[in-house]
Amino acid sequence: MALRIYNTLTHRKEEFEPLNPPAVTMYVCGPTVYDYIHIGNARVFIVFDVIRRYLNYRGYRVKMVQNYTDIDDKMIRRAAEEGISVPELAERFIAAYKEDAARLRVRPADVQPRATEHIGPIIGLIRRLEKRGLAYVSGGDVYFDTGAFPGYGQLSHQSPEELVAGARVEPGERKRKPLDFALWKGRKPGEPAWDSPWGEGRPGWHIECSAMAMRYLGESIDIHAGGADLIFPHHENEIAQSSGATGKPFARYWLHAGYLNIDRQKMSKSLGNVLTVRQLLEEFNPLDFRFFILSAHYRSPLNFSRDLLLQARSGRERLQELADNLSRALPASRRDTEEGGDQLRQSIAAARERFIEAMDDDFNTAGALAALFELAREANIYLNGDHPHSRKLLEECLAFYGETNALFDILELREPDELEELDEELRQMIARREEARRRKDWATADRIREELLARGIILEDTPHGVRWKRKPLS
RNA sequence: GGCGACAUGGCCAAGUGGUAAGGCAGAGGACUGCAAAUCCUUUAUCCCCGGUUCGAAUCCGGGUGUCGCCUCCA
């Protein structure tokens with residue numbers, strides 16, 4: 001069984017063969033730090049976070065780089081609006097990004113370079129392009145000469161002629177052809193600038209990713225990833241710059257995450273329907289959001305709505321419920337029996353197999369989730385069974401959820417004693433209700449249950465005694 | 001205009017040649033003092049029309065619809 005990945009470059013699923021296994025080099029285009037990230041950004045970061053973890057799970061050693069774009073037109077404009085410097089703006093939103101990513105359980109990349117800290121390598125790359133006749137100076141700017149790069153359009157599968165048909169030249173631009181793009185922008189009054197062989201100025205957007213990817217991962221990398229809207233022109237231009245400079249293939253596999261739409265519309269500032277991660281997390285659990293994201297294939301467009309997220313929450317809670325119940329059953333379980341556990345033992349093995357099979361098929365997280373649910377049913381049957389619980393089987397089952405949760409991060413896996421934390425007053429209320437139930441004083445029992453519910457505690461009476469859980473938010 | 005993606009039950013969503021995973025919601029049942037949780041049962045021939053094939057949701061052609069990219073954008 002081999003891992004297969006859909007490659008935007010070739011338009012097909014290909015067997016994954018990194019350059020130097022087990023090492024894998026992976027570059028993900030990071031945020032432009034001019035504002036809080038929105039849920040569409042979050043989808044990209046979550047998806048590639050999971051993919052990265054899965055590659056590690058499959059035995060690869062992934063080195064992942066994700067940049068911060070901390071200098072570009074948007075940064076300059078926003079800093080001016082806020083009345084602060086561009087570096088101050090960058091600091092603010094890099095910090096915000098880190099907070100948001102952490103809350104979403106997106107693990108930090110191994111290297112998180114900033115464009116402004118790599119002006120040297122950027123200039124070096126532009127000079128290489130100049131030497132190869134792929135760049136030209138025009139005014140104070142330097143442009144990439146797309147006409148001189150034969151493979152231009154290979155990623156977006158468009159010929160230059162086709163691309164030109166829709167291209168526009170902004171007034172005042174000094175490029176020769178519409179598809180040419182700026183590698184270096186000459187200084188304008190009031191803008192941040194660095195010294196360069198072409199005078200003071202700043203890097204273009206595309207060149208920073210090429211320069212930083214090469215700097216940390218080498219001239220040819222295994223995986224380059226980002227949102228679908230980066231295919232053109234950003235990634236197309238990265239290929240042109242990188243391959244143009246080195247004469248080598250830049251990235252072997254290009255991965256692109258689909259859009260996250262809101263109410264079937266693309267998020268955009270003009271429509272006013274942009275939802276930031278911060279806004280989302282005011283109302284929803286990050287784990288519910290991760291579950292929601294992973295319930296669809298990463299390349300498919302995915303529609304976001306409050307209702308769909310509630311649906312996802314219900315599904316996730318089913319798994320959470322099971323995980324909690326497995327933990328709770330652990331203390332009373334026995335090491336000397338596996339009675340009634342044959343089906344469960346087989347189901348664990350089957351679930352693991354199915355999980356890997358799905359993930360190996362271009363990271364089919366939806367299929368992988370189905371494996372978690374199928375095992376959940378068997379585990380519930382086992383837990384409800386009329387036999388003692390086997391410590392070994394419970395642990396194996398929990399181990400599987402632990403193993404898969406280390407990839408998906410959709411469950412809160414707690415130790416049994418963590419489940420018992422409840423303050424004294426609430427414990428006594430539960431005890432009083434138990435007493436009332438023994439007396440068959442249902443009125444009192446129900447009243448206490450209502451009171452607890454009002455305080456966010458849900459009670460469940462099981463054959464093995466009363467159980468409590470916290471009511472989910474919203 | 002060019003390029004491309006998608007169209008599966010009430011909702012979400014897997015499935016690329018052998019008679020449709022999974023989740024949510026609904027209905028019925030079991031369990032329960034009631035409830036919750038859980039389990040069982042239950043709802044699809046896969047947008048339409050042709051074609052290839054013993055056999056297609058799955059391949060090919062045509063059509064319809066939705067969306068994306070071609071311009072900053074995850």
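Quick note on labels: first sequence line is chain A, next is B, and so on, each numbered from 1.
Distances shorter than 4.0 Å separate some side-chain N or O of A/Y259 from OP1 or OP2 on B/rC69. When the side-chain nitrogen and oxygen atoms of A/N325 are compared with OP1 and OP2 of B/rU38, none of them lie within a distance under 4.0 Å. Applying the 4.0 Å criterion to OP1 and OP2 of B/rC39, one finds that A/N380 has a side-chain N or O inside that range. Contact check, A/S300 against B/rA14: a side-chain N or O comes under 4.0 Å of OP1 or OP2.
The nearest heavy atom of RNA chain B to A/H297 and to A/S156 marks one nucleotide each, and the one closer to the 5' end goes with A/S156.
Pair assignment for B/rA21 gives none, since no Watson-Crick or G-U wobble pairing has each distance under 3.5 Å. Pair check for B/rC67 finds B/rG4; Watson-Crick or G-U wobble, both atom distances under 3.5 Å. When both pairing distances are held under 3.5 Å, B/rA30 makes a Watson-Crick or G-U pair with B/rU38.
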Please encode protein proximity along nucleotides 22-32 of chain B as a string of B, S and -, counting only heavy-atom distances under 4.0 Å. SBSS-------
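With sequence neighbours left out, A/Y253 forms a ring-ring contact (aromatic ring centres under 6.0 Å, His included) with A/F16.
With hydrogens and angles ignored, a donor-acceptor pair under 3.5 angstrom links the side chain of A/D446 to the base of B/rG33. One can find a donor-acceptor pair under 3.5 Å joining the base of B/rC73 and the side-chain atoms of A/K266. Below the 3.5 angstrom threshold, one finds no donor paired with an acceptor across the side chain of A/H256 and the base of B/rA74.
Under the 4.0 Å criterion applied to side-chain N and carboxylate O atoms, A/E82 and A/R92 are assigned as salt-bridge partners.
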